[in-house]
Amino acid sequence: MAAHLSYGRVNLNILREAARKELREFLDKCAGSKAIVWDEYLTGPFGLIAQYSLLKEHEVEKMFTLKSGRLPSADVKNIIFFVRPRLELMDIIAENVFRCHHSSRDFHILFVPRRSMLCEQRLKEQGVLGSFINIDEYILDLIPYDGDLLSMEYESAFRECYLENDQTSLYHTAKGLMTLQALYGTIPQIYGKGDCARHVANMMLRMKREFAGTQNQILPVFDTLLLLDRNVDLLTPLATQLTYEGLIDEIYGINNGYVKLPPEKFAQKKQGEASKDLPTEPKKLQLNSAEELYAEIRDKNFNAVGAALSKKAKIISAAFEERHNAKTVGEIKQFVSQLPHMQAARSSLANHTSIAELIKDITTSEAFFDNLTVEQEFMTGVDTDKVNTYIEDCIAQKDPLIKILRLVCMQSVCNNGLKQKVLDYYKREILQTYGYEHILTLNNLEKGGLLKPQTSSRNNYPTIRKTLKLWMEDANEQNPNDISYVYSGYAPLSIRLTQVLARPGWRSIEEVLKMLPGPHFEERQQLPSGLHKKRQQGENRTTLVFFLGGVTYAEIAALRFLSQMEDSGMEYIIATTKLVNGTTWIKSLMDRIPPSCF
Amino acid sequence: MAFITANWNPLGEAFYRKTELYEMCWNLRDGLRDSLVAAAPYGGPIALLREPLRRSPSSRPQLEIYSASGVGIASFPLVVDSSCRRSKQEVVQTQVLEAKVFHSPYGTGVAIVTGSSRFTLATNIDDLKLRRLPEVPGLQGKPSCWVVLTQDRQTKVLLSNGLDLYIVDNTSCTAVVPPGLSPQAGSVVHMSVSFSYKYLALFTDSGHLWTGTSNLFTCLSVCLPVCLCIYQPLYLSLCLTRCRRPKSQQPSVVLMWDRLLLVAGVCNDTIQFPLEDPCVLIGELDGVRIISSTNQELLQEVPLVCQDIFKIASMAPGALLLEAHREYEKLSQKADEYLREIKEQSMLGEAVKQCVEAAGHEYDTNTQKSLMRAASFGKCFLTDFSPDQFVSTCRELRVLNSVRESSVGLPLTHAQFKQMTVQVLIDRLVYRQFYPLAIEICRYLKIPDYQGVSRVLKHWASCKVQQKDLSDEAIARAVCVKVGDSPGVSYSDIAARAYECGRTELAIKLLDFEARSGEQVPLLLKMKRSQLALSKAVESGDTDLVYTVVSYLKNEMNRGDFFMTLRNQPVALSLYRQFCKLQEQETLKDLYNQDDDHQELANYYVTASYKEKRLESRLSLLQSAVDEYNKAKNEFAAKATEDEMRLLRFQRKLDDEKGAGLLGLSLQVGTGVVLVLKSLAEKEEWEELEKFSKSKKSPIGYLAFVEVCMKCNNKYEAKKYVSKVTPEQKVKAHLAVSDLEGAADAAIERRNEAEMGAVLSRCSASDRLVIDRLNRARAGAAKK
């Protein structure tokens with residue numbers, strides 16, 4: 001089922017298989033029938049590693065969601081808790097264990113991705129630590145999402161790193177990269193930009209020294225690793241993504257490769273009868289490169305999707321027409337043999353046509369257009385130093401707060417900070433309209449550098465924009481010739497940095513790199529002799545780009561575009577702490593205070 | 001070469017040979033007569049306790065340890081370790097009569113028989129779990145003889161008491177009768193089990209020798225080896241060759257009397273060796289070591305392949321090849337004849353193999369050489385012959401020869417070496433502190449560093465740190481130079497060793513070389529270097545490790561010191577803050593206070609205020625927040641918070657006045673007032689609204705009043721509030737009530753171009769006058 005992971009330049013199925021093996025080994029440690037109690041957050045990522053069938057093979061008979069109170073009854077020998085190492089979850093586990101009166105039960109905990117002393121101590125304080133036969137860790141750092149995509153699904157990474165100075169996620173990142181190198185060979189070159197990148201690289205080099213001697217004898221698959229801090233490019237995630245996949249994520253949200261869509265458009269229309277009752281459950285679709293059509297259109301600018309879909313429709317109907325030409329038994333047989341594939345293609349086409357229609361309703365709305373216009377004004381540097389009337393209007397109309405925050409932050413980033421008066425004005429408006437409690441959120445955004453008062457008189461964003469060609473006037477959405485198509489004009493800064501690194505090299509943009517936060521660096525890792533690649537003429541190099549703090553689908557699309565460009569000579573594999581969009585990202589930075597009632 | 005067979009003695013179909021291993025280096029004045037001697041198998045060291053019987057009970061016996069070649073290794077007074085005794089009451093109360101060491105699948109075991117005639121055993125001396133075996137009926141004192149048998153992971157004791165034989169295992173004691181041993185043979189006075197625990201030999205007081213399998217199912221032979229000999233032998237040992245014989249795979253028994261050594265085969269055949277000196281026999285895998293005060297010999301069955309080659313007039317291919325090579329060296333054409341003969345039978349490969357194998361079994365280096373040369377010679381005439389065996393035997397022989405040197409004193413045979421593995425050999429060398437030799441061997445045999453050189457270096461370093469005469473610096477330097485960054489050597493382990501020896505400073509110096517910061521932490525904590533432990537934990541990047549140290553420090557230090565320590569470690573401090581956010585809110589406040597972090601302190605109060613249910617406490621927390629925001633010079637936040645407080649008080653007042661009517665509304669802070677306004681406007685309670693506006697200065701300004709009235713299409717009421725709005729909102733307010741002129745006035749007064757533009761955009765063609773006025777004002781503004 002995970003064949004699509006092995007189609008790419010790097011066979012990521014190896015990573016998945018390694019993870020599955022470890023899971024099996026743990027399950028076999030607990031002999032007898034089992035029930036798993038899930039930390040709900042983990043079910044999504046685990047779904048990408050192992051289906052229920054694997055668990056079933058290892059005598060997992062029941063699955064529950066972790067919640068306080070008593071465990072549901074289950075006639076099993078073992079109860080296994082699959083949890084993240086969080087203190088609040090420990091309290092729930094303790095309650096579960098405490099209120100379980102079966103004496104013959106064996107309890108186990110599997111921490112994902114790491115054991116934690118704090119959690120174990122908490123269980124001890126609660127008096128239940130002794131009840132556990134096995135306390136183990138399941139090191140699941142990098143999860144393969146697609147043939148060229150790895151994510152840690154570590155939601156709070158950006159917040160922890162930049163707001164709380166907690167570098168746990170970076171430690172996991174470094175560990176994950178070590179695991180990756182154990183499977184795919186030492187990566188000879190490491191580049192990076194940003195404080196977190198530096199920290200991760202330092203840890204990797206340190207870990208390599210620590211494991212000196214267990215020399216990795218695998219021919220390196222990756223030539224280069226590029227570590228990028230999200231705070232080097234705060235602008236890109238704030239902008240509205242305009243690729244097909246990006247828009248699906250912006251509007252409906254893609255979680256662990258699945259999207260939930262409003263059901264109306266997907267009602268089964270049976271011929272001859274009007275559908276009486278519409279389905280009420282949202283339609284859940286899996287989105288990855290295993291679906292041929294999706295792989296083809298996911299990274300296109302949405303304006304080019306319509307044409308692609310209609311072209312596909314013609315091809316499919318032509319294929320169905322073929323049956324009239326099939327005369328001989330042999331030809332008919334061949335046609336029939338292709339039928340399942342064609343039917344799958346047809347249903348895939350129907351699904352994506354429906355999704356495209358849903359999206360189109362939104363992208364053609366005036367609100368969407370206005371919002372985009374303002375975004376593009378900011379990105380091109382128009383009137384970024386004044387209070388923007390559109391934002392004012394949106395606040396007055398009480399549009400969703402996150403939309404406002406995205407825009408205000410974007411203005412601040414494009415102006416290298418806002419004038420104190422402008423900033424205070426926005427803040428006051430926001431507090432008065434959306435409530436005083438958001439003062440903490442605003443404070444967070446300031447801490448994270450998304451929102452800030454202008455300190456130096458010089459706004460260096462225009463220089464960066466010009467040097468890196470972040471704005472392309474004539475972005476070709478249909479047949480792109482530059483990455484700027486993913487935002488219809490704006491070329492993501494992060495990807496420009498990646499592109500320049502490959503050719504002509506960062507030395508050409510030293511000045512700009514100095515303007516961006518954090519150090520930039522290059523490190524080399526010694527390979528054991530005999531593992532140096534002999535590159536064939538014209539063979540592409542492979543770079544692993546790791547986004548610390550999140551990456552958007554549009555950025556991924558831009559990297560895939562670079563991989564496919566004929567003369568780039570580079571293939572990109574993408575890794576990140578979390579797949580984000582402006583909304584989920586800002587959300588992760590908000591302080592949600594429980595509403596009080598008195 | 002003919003003399004090779006000179007020391008061969010036939011026994012049945014086999015031959016036995018006695019090879020001298022060493023002339024002993026020790027100088028024992030009284031020989032071994034009155035000493036207690038024991039030695040470890042696999043050419044292991046010899047332990048000697050002199051004159052234990054003549055000693056007065058008060059004096060402490062001195063235990064001397066020698067290498068197999070008699071070089072002194074150590075000597076120390078024998079102290080009774082009572083730790084084992086403590087484990088079982090019974091053992092403490094009664095005397096240990098006899099103990100035997102044995103090998104079990106779990107390690108080295110020890111069995112004892114106590115004064116109360118009970119057996120107790122432990123299968124692994126490193127993990128002392130004593131097991132007491134069931135009582136043996138009728139046994140008084142110790143049995144006349146006994147052995148420990150291990151079979152199928154079970155440990156049993158076989159003992160002889162009078163005429164009876166018993167097997168005692170965990171649960172029961174069973175009487176047994178060995179098949180083929182008639183009751184007339186008398187009682188068993190001696191017994192011995194083979195090295196592999198497969199065979200058993202019993203000797204009765206009538207001089208009968210029974211040999212059979214150790215499970216007592218099968219009897220191999222019963223004989224009366226020496227009719228004259230009615231004395232009990234001093235020693236009985238089973239000797240079984242490793243060389244697999246297709247037909248007779250039978251053990252022989254070595255018996256020793258005062259002046260006589262006797263090898264008894266399965267048939268009544270024997271070999272007798274006279275002894276001049278008292279000797280000790282040590283059973284080995286493939287022979288018996290005979291240790292006397294002057295020399296040491298190995299008695300073993302001549303391996304089959306050696307017999308084939310060296311037997312007089314042997315026509316085995318190996319023998320012919322050896323002969324061919326000998327002629328070749330003499331430049332005789334006979335070499336060709338011999339070679340031809342082997343090749344005609346297509347046995348050249350076999351011949352080479354035989355020579356190589358035989359070389360492995362030979363102790364004499366010249367013999368080894370001639371055999372290997374012959375093999376090498378024969379190899380030349382073969383086209384596709386795998387050199388592996390030849391090469392590995394060559395290497396292994398060199399290693400064996402070097403450890404057999406008298407100075408090292410490990411008389412290992414090739415078979416023993418194969419059985420004990422090179423890893424164990426290296427360990428032994430390391431324990432004997434032959435570090436350079438061990439490293440040479442590792443390199444020569446190309447053992448991966450992890451299992452080889454690194455292991456040696458680790459031992460070396462652990463030993464080095466105990467050298468009292470060297471300074472900390474000198475040792476640290478020496479260790480660093482030698483160990484460098486050898487893979488798999490843990491500086492933490494070495495440091496831990498130094499710390500155990502009381503050299504804390506050295507331990508710290510050594511820890512500095514440790515690449516894995518995480519590894520350093522536990523030891524540093526143990527040594528109470530908590531600050532250093534903390535910084536190492538931070539360095540490792542492993543946040544869980546940082547938490548470990550932090551929670552350790554929290555318990556160890558007083559609060560002030562703890563906070564100060566954290567202050568110097570920002571990463572640890574942030575992590576601790578995270579922890580406090582979840583677990584200890586009060587501590588969090590203290591932390592911010594200590595750091596004078598007013599901004600965070602204010603945020604803390606804001607967060608806390610939302611947890612309060614009572615308005616008063618909430619307001620007081622917000623007041624604290626205001627104070628802190630002011631201290632942090634965050635005027636904006638201070639003002640926003642003050643507004644919020646005003647709003648809350650206002651709301652409260654409203655609630656009191658209006659009662660339940662408003663309480664039911666969701667009074668979300670900030671939008672609360674707007675809701676109040678809306679509800680009043682919707683109910684068209686204009687008077688109330690006006691009262692509300694006058695009751696206190698509105699925390700959200702008055703534009704909202706205007707908007708709310710306009711929403712209900714009451715322009716009249718709306719206009720009441722236009723004059724009250726702030727100057728910035730004047731234009732908006734006028735526009736809201738569609739008062740273009742008022743808006744234009746306000747905009748012109750404020751000289752605000754954007755606002756003028758906003759008014760203009762609302763003007764239609766009929767508003768000529770206003771448009772002109774605005775345009776003029778704009779032009780005027782532009783000039784300036």
Side-chain angles (χ1 to χ4, degrees), chain A residues 85-88 114-119 121-122 160 164-172 174-175 199-200 202-203 206-215 386-387 389 396 398 420 423-425 427-428 431-440 442-444 447 591 593-598, chain B residues 448-450 454 485-489 515-519 539-545 547-548 551 570-571 573-575 577-579 581-583 599 603 606-607 609-615 618 635-637 639-641 643-644 647 666-672 674 699-701 704 754 758:
Chain A
R86 299 206 162 202
L87 289 175
E88 65 272 20
R114 291 254 147 44
R115 285 175 80 140
S116 136
M117 189 280 305
L118 277 184
C119 286
Q121 197 175 300
R122 185 52 172 255
E160 286 178 8
E164 285 148 359
N165 196 21
D166 172 356
Q167 293 165 335
T168 307
S169 63
L170 301 181
Y171 180 69
H172 291 176
K175 283 276 182 187
H199 190 64
V200 169
N202 286 348
M203 279 192 283
R206 167 186 290 282
M207 287 172 190
K208 176 143 191 280
R209 272 208 306 282
E210 291 174 7
F211 293 111
T214 45
Q215 259 185 355
K386 293 186 203 136
V387 172
T389 49
K398 232 184 155 194
Q420 192 68 51
L423 181 62
D424 285 354
Y425 176 78
K427 277 160 68 178
R428 191 160 47 238
L431 293 188
Q432 286 184 354
T433 312
Y434 297 93
Y436 166 77
E437 71 266 28
H438 296 294
I439 193 164
L440 296 175
L442 292 175
N443 181 58
N444 287 346
K447 245 190 188 170
D591 253 313
I593 293 164
S596 69
C597 44
F598 62 91
Chain B
D449 278 357
Y450 237 80
S454 291
D485 50 1
S486 300
V489 184
R516 293 167 295 175
S517 326
E519 297 289 303
E539 216 174 85
S540 77
D542 182 347
T543 42
D544 194 52
L545 196 61
Y547 276 130
T548 309
S551 68
V571 174
L573 181 59
S574 329
L575 286 174
R577 274 199 206 116
Q578 287 279 86
F579 170 78
K581 251 182 215 166
L582 294 167
Q583 298 293 315
Q599 173 74 23
N603 290 341
V606 173
T607 313
S609 80
Y610 281 96
K611 289 189 188 130
E612 280 298 337
K613 292 237 184 320
R614 285 178 49 246
L615 182 67
R618 195 162 170 188
E635 285 160 36
F636 173 84
K639 180 145 185 313
T641 312
D643 288 348
E644 167 73 1
L647 180 71
S666 155
L667 294 185
Q668 200 194 349
V669 189
T671 53
V674 179
I700 57 163

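Each chain gets a letter, A, B and so on, in the order the sequences are listed, and its residues count up from 1. All of these numbers come straight from a predicted model, not from anything done at the bench.
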**Q** Looking only at heavy atoms and a cut-off of under 4.5 Å, which of R122(A), R114(A), R86(A) has the most pairs with chain B?
**A** R122(A)
**Q** Chain B: which of Q167(A), R206(A), M203(A) shares the most heavy-atom pairs with it under 4.5 Å?
**A** R206(A)
**Q** Relative to chain A, which segment of F636(B) carries a heavy atom at a distance below 4.5 Å: side chain, backbone, both, or neither?
**A** side chain
**Q** Can you tell which part of E635(B) gets under 4.5 Å to a heavy atom of chain A, answering side chain, backbone, both or neither?
**A** neither
**Q** Let's test your reading of the structure: which of K175(A), K386(A), E164(A) forms the most heavy-atom pairs below 4.5 Å with chain B?
**A** E164(A)
**Q** What part of T641(B) is in contact with chain A, defined as an atom under 4.5 angstrom from a non-hydrogen atom: side chain, backbone, both or neither?
**A** both
**Q** At a heavy-atom separation under 4.5 Å, does I439(A) approach chain B through its side chain, its backbone, both, or neither?
**A** side chain
**Q** Supply the atom-to-atom distance T607(B) OG1 to D591(A) CG, rounded to the nearest 0.5 angstrom.
**A** 6.5 Å
**Q** Should we say atom NZ of K447(A) is surrounded by more than 12 heavy atoms from elsewhere, each under 6.0 Å from it?
**A** yes
**Q** Less than 4.5 Å to any heavy atom of chain A: does that hold for the side chain of T548(B), its backbone, both, or neither?
**A** both
**Q** Measure K427(A) against the heavy atoms of chain B and call it side chain, backbone, both or neither at under 4.5 Å.
**A** both
**Q** Which bit of K581(B) is near chain A, if near means a heavy-atom gap under 4.5 Å: side chain, backbone, both or neither?
**A** side chain
**Q** Supply the atom-to-atom distance Q578(B) CD to L118(A) CG, rounded to the nearest 0.5 angstrom.
**A** 11.0 Å
**Q** Quick one: what part of R115(A) sits under 4.5 Å from any heavy atom of chain B, side chain, backbone, both or neither?
**A** backbone
**Q** Using every non-hydrogen atom in the two residues, find where N165(A) and S574(B) come nearest and quote the distance to one decimal.
**A** ND2-OG, 2.8 Å
**Q** Given that the side chain runs from C-beta out, which part of Q420(A) has a heavy atom under 4.5 Å from chain B: side chain, backbone, both or neither?
**A** neither
**Q** Consider only side-chain N and O atoms of N443(A) and Q599(B), and report whether a donor and an acceptor are under 3.5 Å apart.
**A** yes
**Q** For the pair Y171(A) and D544(B), evaluate side chain to side chain contact (heavy atoms under 4.5 Å, CB included) and give the outcome as yes or no after the intermediate values.
**A** CA-CA 10 Å; Y171(A) 180 69; D544(B) 194 52; over 6 Å; no
**Q** Roughly how far apart are N603(B) CG and N444(A) CG, rounded to 0.5 Å?
**A** 8.0 Å
